[in-house]
Amino acid sequence: DVEDKDLREENLQEEAAEVQAEAEVTEAVEAEVVDETEAKMAELEQKAADYLDKYQRCLAEFDNFRKRTSKEKASMYDDGVRDTVEKLLAVVDNLERAVAAQEGKDTEDAFFKGVQMTLKQFQEILHGMGVEEIKALGEKFDPNFHAAVAHEDDDAYGENEIILEMLKGYKYKDKVIRHSMVKVAN
């Protein structure tokens with residue numbers, strides 16, 4: 001019996017050693033799997049962060065593109081208005097000259113009234129579009145709005161005072177379409 005007991009004890013110890021060895025192997029395998037999983041998770045988290053960064057940059061770029069194109073569109077519209085108005089100003093000038101040439105004469109003439117009404121309609125349309133005349137006569141000369149084509153020394157007027165407007169100037173949204181052509185005193 002003692003031999004059996006020793007043999008059983010030996011078998012139990014061997015089995016315990018085997019179980020312990022298996023447990024250590026299983027633990028090592030599990031630790032390896034956990035390490036691999038953690039590494040994969042870290043890699044995936046890094047990829048997710050990279051994709052989020054790319055997405056945010058793309059979104060910001062698109063927003064900037066949208067704002068830039070909106071500004072360019074508005075600028076192109078304003079440039080188109082200025083170019084068109086600049087071409088129409090010659091017609092307005094000629095209508096003003098026709099009215100000025102007829103003033104003091106027969107103002108009941110139907111043709112003259114038609115020219116006056118056409119001029120008035122042009123002026124109303126320009127005003128409605130936001131086109132403004134640049135004030136010149138009696139104002140101080142400003143090279144941003146006026147083009148001096150003549151000069152006169154006359155003590156009756158102040159320094160750099162505009163005494164004659166030869167051609168009206170116009171502006172649209174604070175940008176000059178055409179400078180006023182003026183005669184400046186002193």
Side-chain angles (χ1 to χ4, degrees), residues 47-186:
K47 277 186 178 180
D50 290 346
Y51 290 144
L52 177 65
D53 183 55
K54 285 179 183 177
Y55 169 75
Q56 288 173 333
R57 288 176 189 272
C58 187
L59 199 61
E61 248 180 71
F62 179 74
D63 191 44
N64 290 339
F65 169 77
R66 187 180 50 76
K67 289 176 184 175
R68 185 177 61 249
T69 55
S70 177
K71 285 179 186 176
E72 287 172 357
K73 182 179 170 186
S75 175
M76 286 173 34
Y77 175 79
D78 289 347
D79 290 344
V81 168
R82 276 192 288 279
D83 289 345
T84 304
V85 168
E86 186 176 15
K87 290 177 174 99
L88 292 174
L89 288 179
V91 176
V92 173
D93 293 338
N94 288 333
L95 290 171
E96 287 176 344
R97 287 185 196 108
V99 169
Q102 192 64 23
E103 279 185 4
K105 297 181 183 173
D106 184 17
T107 57
E108 294 303 313
D109 180 33
F111 184 74
F112 175 68
K113 284 186 175 182
V115 172
Q116 274 185 320
M117 289 189 321
T118 304
L119 174 61
K120 184 178 179 192
Q121 187 178 18
F122 256 115
Q123 290 171 334
E124 287 172 354
I125 289 170
L126 291 175
H127 182 71
M129 291 173 67
V131 177
E132 301 172 19
E133 285 184 16
I134 297 173
K135 292 183 172 132
L137 198 59
E139 299 287 321
K140 199 142 181 85
F141 176 77
D142 182 352
N144 296 317
F145 300 112
H146 310 117
V149 293
H151 180 267
E152 182 178 308
D153 288 324
D154 190 341
D155 292 335
Y157 300 103
E159 187 175 328
N160 285 335
E161 184 178 337
I162 298 171
I163 58 174
L164 177 65
E165 182 178 44
M166 297 172 193
L167 189 63
K168 284 185 182 177
Y170 293 87
K171 64 182 179 175
Y172 174 72
K173 292 187 177 180
D174 298 326
K175 282 194 176 180
V176 174
I177 297 173
R178 179 176 75 188
H179 290 79
S180 297
M181 296 176 85
V182 296
K183 183 178 187 179
V184 181
N186 305 320

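Here the structure is a predicted model, which is why all the values come from computation and not from measurement. Every heavy atom of this structure was used, including side-chain atoms; hydrogens, water molecules and symmetry mates were not. Numbering of residues begins at 1 and proceeds along the displayed sequence.
Counting heavy atoms from C-beta outward, Val176 and Asn144 have side chains that stay 4.5 Å or more apart. The shortest distance between side-chain heavy atoms of Tyr172 and Val85 does not fall below 4.5 Å. In this structure the side chain of Gln56 reaches within 4.5 angstrom of the side chain of Leu52, judged on heavy atoms. Put simply, the side chain of Gln116 does not reach to within 4.5 Å of the side chain of Gln102, judged on heavy atoms. With a 4.5 Å cut-off on side-chain heavy atoms, Val149 and Val182 do not count as touching. Arg178 places none of its side-chain heavy atoms less than 4.5 Å from the side chain of Glu86.
Taking all atoms of both residues into account, the shortest heavy-atom contact from Phe122 to Leu95 is CD1-CD1, 3.6 Å. The two residues Ser180 and Gly169 have their closest heavy-atom pair at OG-N, 3.0 Å. Smallest separation of non-hydrogen atoms from Glu165 and Ile134: OE2-O, 3.8 Å.
A salt bridge between Lys175 and Asp79 is absent, with no side-chain N of the basic residue lying under 4.0 Å from a carboxylate O of the acidic one. Using a 4.0 Å cut-off between charged side-chain N and carboxylate O, Arg57 and Asp53 make a salt bridge. Of the charged side-chain nitrogens involved, at least one lies within less than 4.0 Å of a carboxylate oxygen, so that Lys168 and Glu96 count as a salt-bridged pair. Under the 4.0 Å criterion applied to side-chain N and carboxylate O atoms, Glu161 and Lys140 are not assigned as salt-bridge partners. Note on Asp63 versus Lys67: salt bridge recorded, some NZ/NE/NH1/NH2 to OD/OE distance being below 4.0 Å.
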Inset, instruction - Dump the intermediate steps for side-chain contact (heavy atoms from CB on, under 4.5 Å) on Val131 and Ile125, then the final yes or no. - result: CA-CA 9 Å; Val131 177; Ile125 289 170; over 6 Å; no

Inset, instruction - Step by step, work out the side-chain contact (heavy atoms from CB on, under 4.5 Å) result for Val184 and Glu152. - result: CA-CA 6 Å; Val184 181; Glu152 182 178 308; over 6 Å; no

Inset, instruction - Report the C-alpha separation of Lys171 and Glu133 in whole Å, then their side-chain angles, then the decisive distance to 0.1 Å, and conclude whether the salt bridge (Lys or Arg N to Asp or Glu O under 4.0 Å) test is met. - result: CA-CA 6 Å; Lys171 64 182 179 175; Glu133 285 184 16; over 6 Å; no

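The CG atom of Asp83 sits 9.5 Å away from atom CD1 of Ile177, with the distance rounded to the nearest 0.5 Å. Here Lys113 contributes atom NZ and Lys120 contributes atom NZ; the two are 13.0 Å apart, rounded to the nearest 0.5 Å. Annotation: the span from Gln121 atom CD to Glu124 atom CD amounts to 7.5 Å, rounded to 0.5 Å. Rounding to the nearest 0.5 angstrom, the gap separating the NE2 atom in His151 from the CZ atom in Phe141 is 10.0 Å. How far CD of Glu72 is from CZ of Phe65: 8.5 Å, rounded to the nearest 0.5 Å.
When the shell of 6.0 Å around CG of Asp155 is examined, it contains 12 or fewer heavy atoms from other residues, nucleotides or ligands.
The backbone N or O of Gly80 lies less than 3.5 Å from a partner atom in the side chain of Thr84, making a donor-acceptor pair. A donor-acceptor distance shorter than 3.5 angstrom exists from the side chain of Asn186 to the backbone of Tyr157, with no hydrogens or angles considered. In this structure, the side chain of His146 engages the main chain of Lys135 through a donor-acceptor pair within 3.5 Å. Side-chain atoms of Ser70 never come within 3.5 Å of backbone atoms of Arg66 as a donor-acceptor pair (strictly under, hydrogens ignored).
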